[in-house]
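Scroll down for the structure; my scribbles are underneath it.
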Number of protein chains: 2
Amino acid sequence: MVDVFRLLAEPSRRQLLDALRNGERSVNELVGATHMSQPSVSKQLRILRVSGMVSLRASGRQHLYSVRGRSLREASEWLSYYEHFWQEGLSRMDKALQREPKPGTRRKP
Amino acid sequence: MVDVFRLLAEPSRRQLLDALRNGERSVNELVGATHMSQPSVSKQLRILRVSGMVSLRASGRQHLYSVRGRSLREASEWLSYYEHFWQEGLSRMDKALQREPKPGTRRKP
DNA sequence: CATTTGCATATCCAATGGGATATATGTCTA
DNA sequence: TAGACATATATCCCATTGGATATGCAAATG
């Protein structure tokens, strides 16, 4: 798998993804959303794009980027193997306050 | 938040966490599970421990490590904000409607 | 005791990679 | 077409860091 966690390790890249959470954004908008120079933003966007984490659509001279879910899903799936480390071991009260458990998350009979 | 993704970015650390998924393990067991030297394993374990991602229990001269869910949960929660990018049932129209115009996006000064 | 075992720490080294500046490429507009 | 605008690429710099080797230290072993 493409090393998703390495991509997410960089705060600047997470900032970019955060700025893309509500839909596609142009490079200039992303420069405004972060505190980076435009070339740095383009550099990180390129890394995200080559890794398949964002996609690009040209509109005039603007390049509109948007999030692609696939890579992020892989990360989420990897983490799901550890869910029981924060689902179990909680008190009954804590468990009650948790969100509804996923179907496959029951303890073994 | 402790930079969870930076911790997970290192494959060797993910290997260690993988080896801890079924319960606590001694350092020697972890050395066997990875292909690293013992000092390297200890080094990465220390990083994970200081960050609160694993905990340590001494048993004789053995040090038994185990996963602590809290940090991993934070990562999972961060990713949950992107779930809709890989949830099915999101039509192209829905995606187009996600783009909300930002107030400060003007064309000319 | 001395020795072995299990693990931690110290230190060095080379590679990685993020950010900035300068510049190139492409597109719109007057 | 000139020039402004939007973005990409090139290049340099240097702080970070993973891994190895050598060593320190505590607990078991006899």
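Just so it is clear: chains get the letters A, B, ... in the order the sequence lines come, proteins before strands, and each one is counted from 1.
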- [ ] Kindly say if S37(A) contacts the phosphate of dT21(C), meaning a side-chain N or O under 4.0 Å from OP1 or OP2.
- [x] no
Task: Among dC7(C), dG18(D), dA22(D), the one nearest Q38(B) by side-chain distance - done: dC7(C)
Open item on the list: Using 0.5 Å steps for rounding, measure from the CD atom of E77(A) to the CG atom of L72(A).
Closed with: 11.0 Å
Task: Distance in angstrom units between M36(A) CE and dG17(C) P, rounded - done: 15 Å
Open item on the list: Check the phosphate of dT16(C) against R6(A), side-chain N and O only, distance under 4.0 Å to OP1 or OP2. Yes or no?
Closed with: no
TODO: May I ask you to verify whether the side chain of R61(A) and the base of dC5(D) hold a donor-acceptor pair under 3.5 Å?
DONE: yes
Task: Neighbour count >12 (heavy atoms, 6.0 Å) for atom CZ, R13(A) - done: yes
Open item on the list: If you compare every side-chain N and O of Q44(B) against the phosphate oxygens of dG19(D) (OP1, OP2), does one of them come in below 4.0 Å?
Closed with: yes
Open item on the list: Counting only side-chain heavy atoms from C-beta out, which of dG19(C), dT9(C), dC7(C) sits nearest to S12(A)?
Closed with: dG19(C)
TODO: Measure from NE2 on H63(A) to P on dT27(C) and round the result to the nearest Å.
DONE: 8 Å
Task: Proximal nucleotide (of dT7(D), dT29(D), dC7(C)) relative to the S26(B) side chain - done: dC7(C)
Task: hydrophobic_cluster_shared for W86(B) and M53(A), side chain cutoff 4.5 Å - done: yes
TODO: Decide if the gap between the ring center of W78(B) and the ring center of Y82(B) is smaller than 6.0 angstrom.
DONE: yes
Open item on the list: Nearest whole Å is fine: how far is dG18(C) C1' from E10(A) CD?
Closed with: 6 Å
Task: Point-to-point distance, once rounded to the nearest 0.5 Å, from CZ of R25(B) to CG of L16(B) - done: 12.5 Å
Open item on the list: Students often get this wrong, so: under 4.0 angstrom with heavy atoms, is L30(B) touching a base, only sugar-phosphate, or nothing?
Closed with: nothing
Task: Contact nearer the 5' end of DNA chain C, comparing S40(B) with S40(A) - done: S40(B)
Task: Phosphate contact (dA8(D) OP1 or OP2) by R46(A) side-chain N/O below 4.0 Å - done: no
TODO: Check the distance between dG18(C)'s C1' and H35(A)'s NE2 and give it to me in whole angstrom.
DONE: 17 Å
Open item on the list: Whole angstroms only, please: what is the CZ-C1' distance between R13(A) and dG19(C)?
Closed with: 12 Å
